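Single-structure report; data block below.
If you're wondering where the values come from, they're calculated on a predicted model, not measured in any experiment. For this chain, numbers begin at 1 and follow the sequence in order.
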Amino acid sequence: MADQFQKLDPAAFRSALAQFPPGLTIVMTRSKAGTLHGFTASSFAALSLDPPLILVCLDRGADCFPVFMAAKHFVVNTVTDAHADLALKFATKGENKFADGNFELDEAGNPLLPDAAAVISCELEQAVPGGDHVILIGRVRDARTGAGKPVTWYRGGFLPLGERAA
């Protein structure tokens, strides 16, 4: 069985994954030293309603990986079309991601996007290894929705909901 997986073409795998349009999120937290950190994630899902749990996947190679592993809380922001440039910035290593942004702080001091389609504040429940990523399981402490429409990431670009895919 292992030989079957060794023959998998990484480019074909990426291309197949690009056919599934996931939503986009920007996940944020604050380090113990008070610095703000975040990353863009398309691997996000509801995990449980009772208790309220979500999951989001973080690349082990991300600059913010150690901060999220030490964090007790994090916030998931659902990206709208207005956040396209910001989502790209948060997906890039070495960027000053919080420069020129419109951020607020939640009651735990974590950054959030006040104009996101949804904002979900979580307490880190568990971090589960998953290949080159780690699956952050968050216990939802607060959830609210905004007026903006979420976007999906499809074939390497933003696709607002309600529009036809090319």
Item to check | Side-chain heavy atoms of Asp106 within contact of Asp142, under 4.5 Å | outcome: no
Residues 62-79, side-chain donor-acceptor partners within the protein, below 3.5 Å, at least two apart:
from: Asp63; atom 1: OD2; to: Gly94; atom 2: N; distance (Å): 3.0
from: Asn77; atom 1: OD1; to: Leu113; atom 2: N; distance (Å): 2.9
from: Asn77; atom 1: ND2; to: Ile26; atom 2: O; distance (Å): 3.0

Enumerate, atom names and distances included, each donor-acceptor pair closer than 3.5 Å involving a side-chain atom of residues 44-52, sequence neighbours excluded.
from: Ser48; atom 1: OG; to: Asp50; atom 2: N; distance (Å): 3.3
from: Ser48; atom 1: OG; to: Asp50; atom 2: O; distance (Å): 3.4
from: Ser48; atom 1: OG; to: Pro51; atom 2: O; distance (Å): 2.7

Item to check | Co-membership, hydrophobic cluster, residues Leu86 and Leu112, 4.5 Å side-chain | outcome: no
Item to check | Atom of Val56, atom of Ala41 and distance for their closest heavy-atom approach | outcome: CG2-CB, 3.5 Å
Next on the checklist: Does anything in residues 109-139 form a ring pair (Phe, Tyr, Trp, His ring centres under 6.0 Å)? List the pairs, not counting sequence neighbours.
Outcome noted: none
Would you tabulate the side-chain donor-acceptor contacts of residues 114-122 under 3.5 Å, counting partners in other chains and residues two or more places apart, or write 'none'?
from: Asp115; atom 1: OD1; to: His83; atom 2: NE2; distance (Å): 3.1

Checklist entry - For Glu123, what residues pass the side-chain hydrogen bond (donor to acceptor under 3.5 Å, both in side chains) criterion, not counting sequence neighbours? => result Arg141
Checklist outcome for this item: Rounded to the nearest 0.5 angstrom, the CG-CG distance for Asp85 and Asp81 is 10.0 Å
Checklist entry - When hydrophobic residues are tied together by side-chain contacts of less than 4.5 Å, even through go-betweens, does Leu58 share a cluster with Ile54? => result yes
Next on the checklist: Are Leu53 and Ile135 linked, directly or through intermediate hydrophobic residues, by side-chain heavy-atom contacts shorter than 4.5 Å (ILVMFWY only)?
Outcome noted: yes
Checklist entry - Going from CE on Met28 to CG on Leu105, what distance comes out if it is rounded to the nearest 0.5 angstrom? => result 10.5 Å
Next on the checklist: Per the ring pair (Phe, Tyr, Trp, His ring centres under 6.0 Å) rule, what does the pair list look like for residues 90-118, sequence neighbours excluded?
Outcome noted: Phe90-Phe98, Phe98-Phe103
Checklist entry - ring pair (Phe, Tyr, Trp, His ring centres under 6.0 Å): which pairs involve residues 104-126, sequence neighbours left out? => result none
Checklist outcome for this item: Across all chains, not counting sequence neighbours, the salt bridge (charged side-chain N to carboxylate O under 4.0 Å, His left out) partners of Arg60 are none
Item to check | Pairs where residues 31-41 contributes a residue and the test side chain to side chain donor-acceptor pair (under 3.5 Å) is met, not counting sequence neighbours | outcome: Ser31-Thr35
Next on the checklist: Has Lys89 got a side-chain atom pairing as donor or acceptor with Ala99's backbone, closer than 3.5 angstrom?
Outcome noted: yes
Item to check | same_hphob_cluster(Leu24, Leu88) at 4.5 Å side-chain heavy-atom cutoff | outcome: yes
Item to check | Sequence-distant partners of Arg139, salt bridge (charged side-chain N to carboxylate O under 4.0 Å, His left out), two or more places apart | outcome: Glu125
Checklist entry - How far does OG of Ser43 sit from CG of Asp59, to the nearest 0.5 angstrom? => result 10.0 Å
Checklist entry - Can you list the residues that meet the side-chain hydrogen bond (donor to acceptor under 3.5 Å, both in side chains) rule with Thr145, with sequence neighbours excluded? => result none
